[in-house]
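Bear in mind that the values here come from a model prediction, so they are computed numbers and not experimental data.
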Amino acid sequence: MTSWLKRTLVTVSLAVSLPVAAANYTIGTGSQSGTYYPFGGMLAKVWSENIKDFNMRAEVTAASVENIIKVASGQQLAGIAMGDSVLAAMKGEAPFRRPMDVSVLFALYPNVVQFIVPANSSIKSVEDLKGKKVSVGAPGSGTRVGSTAILKALGINEGDFKAQSLNYTATTEALANGQIDAGVIIGSAGVGAITELALTRDVRVLSFSKEELDKIHAALPAYAGMDIPAETYNKVPAFTAPAVWNVLVVKKDLDPKLASEMVKTAFANMDKIKNVIADAKNTTVANMERLEGAPLHPSSLAYYNEMKGK
């Protein structure tokens with residue numbers, strides 16, 4: 001047997017015996033003290049367990065803006081983001097320098113704009129934030145984009161208060177230590193960061209008037225008022241605040257077959273996800289296209305229309 005033939009047979013035998021490696025992906029989430037991270041982790045788990053040759057892990061990020069950019073540039077397969085950030089990305093509006101080629105796989109749950117203050121604070125409304133130290137969210141986060149846009153819609157600019165750029169964990173720590181007067185967390189009603197803070201400190205969440213909510217909706221159509229019941233957080237009274245839907249984004253040209261598998265697998269396993277993530281109760285086929293103005297990926301739209309017709 002010639003040496004060439006031996007080498008060829010070895011090469012063929014290795015090609016037959018070596019298993020095909022599964023593709024490795026990431027899903028962009030947010031801070032570990034928020035809802036994005038555990039939700040993304042559960043999605044990654046059900047996809048990895050049920051889609052052939054597919055491995056995914058959840059990645060801690062600065063959330064919405066970073067996730068959208070990473071998805072658009074191919075650094076992440078999927079990412080969780082707030083609706084207003086997604087709409088801005090699709091149009092190429094600030095903080096994005098150009099339109100981002102992303103589409104929505106499906107909507108997840110609504111995020112509530114929660115301005116937190118100490119319970120005994122003299123701050124009773126958003127107007128009272130003027131001149132105060134306020135954490136408006138980490139750079140590259142949907143909280144930062146949303147909070148500043150909402151304040152601007154109400155005639156309050158960053159120069160009117162002392163802005164701090166802190167993530168969820170740093171915001172609640174600064175509030176607990178008296179280093180800031182107020183902090184914004186845009187997250188689910190019952191988000192872990194505020195839940196933990198309210199167990200050790202007496203806090204309030206500012207309530208918005210109908211007039212304020214109307215101004216916000218006129219400037220930012222993705223937002224609508226939501227009533228949050230008392231005791232959602234320990235000893236925190238009921239409040240009304242703007243809310244916006246979170247969605248799962250992927251690249252516009254994500255392989256239709258893979259996108260279809262991801263959608264079908266997610267909804268087939270949603271009961272498992274609900275057992276861990278309470279907000280997943282809002283992640284339904286009926287709510288898939290709740291973010292007005294943001295088109296679904298073609299595979300998602302096909303699944304939505306198929307299920308709607310049943």
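More than 12 heavy atoms of other residues, nucleotides or ligands lie within 6.0 Å of NZ in Lys132, so this atom counts as buried by the packing criterion. With a 6.0 Å radius and a threshold of 12 heavy atoms from other residues, nucleotides or ligands, Lys124 has its NZ atom above the threshold. Heavy-atom contacts from other residues, nucleotides or ligands closer than 6.0 Å to NZ of Lys45 number 12 or fewer.
At a threshold of 4.5 Å between side-chain heavy atoms, the hydrophobic network of Ile, Leu, Val, Met, Phe, Trp and Tyr places Leu175 and Val184 in two separate groups. Placement of Val236 and Phe115 in two distinct hydrophobic clusters is found when ILVMFWY residues are connected by side-chain heavy-atom separations under 4.5 Å, directly or transitively. Linking Ile, Leu, Val, Met, Phe, Trp and Tyr residues whenever their side-chain heavy atoms come within less than 4.5 Å places Tyr109 and Val113 in a single cluster. A chain of hydrophobic side-chain contacts below 4.5 Å, direct or via other Ile, Leu, Val, Met, Phe, Trp or Tyr residues, connects Val244 to Val104. Both Val247 and Met42 are assigned to one and the same hydrophobic cluster, defined by single-linkage of ILVMFWY side chains at heavy-atom distances under 4.5 Å.
Contact between Ile273 and Ala266 at its shortest, heavy atoms only, is CD1-O, 4.3 Å. Shown here for Ser85 and Gly142, the closest heavy-atom pair between the two residues is OG-CA, 3.8 Å. Gly79 approaches Val71 most closely through the heavy-atom pair N-CG2, 3.5 Å. Here the shortest heavy-atom pairing between Ala189 and Ile228 reads CB-CD1, 3.9 Å. Minimum heavy-atom separation, Ile27 to Gly40: CG2-O, 3.7 Å. Closest of all the heavy-atom pairs between Met288 and Leu105 is CE-O, 3.8 Å.
With a 4.5 Å cut-off on side-chain heavy atoms, Ile116 and Ile185 count as touching. By the 4.5 Å heavy-atom criterion applied to side chains, Asn282 and Arg290 are not counted as neighbours. Between Val263 and His297 there is no side-chain heavy-atom pair separated by less than 4.5 Å. Side-chain contact check for Ile277 versus Thr283: every heavy-atom pair is 4.5 Å or farther apart. Using a 4.5 Å heavy-atom threshold, the side chains of Asp202 and Pro118 count as separate. Residues Thr148 and Arg144 have side chains in contact (heavy-atom distance under 4.5 Å, counting atoms from C-beta outward). In this structure, Glu292 and Pro221 have side chains that are not in contact, with every pair of non-hydrogen atoms separated by 4.5 Å or more. A 4.5 Å side-chain heavy-atom check between Val145 and Pro95 finds at least one atom pair inside the cut-off.
In this structure, OH on Tyr223 lies 9.0 Å from CD1 on Ile216, to the nearest 0.5 angstrom. Rounding to the nearest 0.5 angstrom, the gap separating the CG atom in Asp84 from the CE atom in Met82 is 4.0 Å. Residue Met270 holds its CE atom at 10.5 Å from OG1 of Thr265, rounded to the nearest 0.5 Å. Taken to the nearest 0.5 Å, the OH atom of Tyr304 stands 10.5 Å off from the CZ atom of Phe267. Here CG of Leu258 is found 6.0 Å from CG of Leu77. Values are rounded to the nearest 0.5 Å. Rounded to the nearest 0.5 Å, atoms OG1 (Thr35) and CG (Leu108) are 10.5 Å apart.
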Exercise for the section: For Phe39 and Thr29, run side chain to side chain contact (heavy atoms under 4.5 Å, CB included): C-alpha distance rounded to whole Å, both residues' side-chain angles, the deciding distance at 0.1 Å, then the answer. Expected result: CA-CA 8 Å; Phe39 206 138; Thr29 60; over 6 Å; no
Handout entry: Test log, rule side chain to side chain contact (heavy atoms under 4.5 Å, CB included), inputs Leu87 and Leu291
Key = CA-CA 9 Å; Leu87 294 176; Leu291 183 57; 4.2 Å; yes
Problem - Derivation and outcome, side chain to side chain contact (heavy atoms under 4.5 Å, CB included), residues Phe96 and Ile69 - result: CA-CA 8 Å; Phe96 302 94; Ile69 292 170; 3.9 Å; yes
Exercise for the section: Could you please spell out the steps behind the side chain to side chain contact (heavy atoms under 4.5 Å, CB included) verdict for Gln179 and Glu173? Expected result: CA-CA 8 Å; Gln179 296 167 320; Glu173 286 178 355; 5.8 Å; no
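No side-chain donor-acceptor contact under 3.5 Å links Asn269 to the backbone of Lys272. Arg204 contributes a side-chain N or O that, together with a main-chain N or O of Ile123, makes up a donor-acceptor pair within less than 3.5 Å. The main-chain N or O of Ile80 is found under 3.5 Å from a side-chain atom of Asn67 such that the two form a donor-acceptor pair. Within the 3.5 Å criterion, the main-chain N or O of Ala58 finds no donor-acceptor partner in the side chain of Thr26. With hydrogens and angles disregarded, no donor-acceptor distance shorter than 3.5 Å links the side chain of Ser260 to the backbone of Pro256. With hydrogens and angles disregarded, a donor-acceptor distance shorter than 3.5 Å links the side chain of Trp47 to the backbone of Met262. When atom types are taken as modelled, the side chain of Tyr168 and the backbone of Ile186 share a donor-acceptor pair closer than 3.5 angstrom. Listed for the Glu212 side chain is no donor-acceptor partner under 3.5 Å among the backbone atoms of Phe208. Judged purely by atom type and a 3.5 angstrom limit, Ser135 has no side-chain atom pairing as donor or acceptor with the backbone of Gly183. The backbone N or O of Ala198 sits less than 3.5 Å from a side-chain atom of Asn234, completing a donor-acceptor pair.
The side-chain hydrogen bond (donor to acceptor under 3.5 Å, both in side chains) test with Ser33 singles out one residue from Thr172, Asn167, Thr169, and that residue is Thr169.
Side-chain contact of Ser73 with Gln75: a donor-acceptor pair under 3.5 Å is present, judged by distance alone. A donor atom on one side chain and an acceptor atom on the other are found under 3.5 Å apart for Tyr36 and Asn246. For the 3.5 Å distance criterion, the side chains of Asn55 and Ser48 fail to qualify, holding no donor opposite an acceptor. Between the side chains of Asp279 and Ser188, at least one donor-acceptor pair of N or O atoms lies under 3.5 Å.
You'll find the ring centres of Tyr303 and Phe106 outside the 6.0 Å limit.
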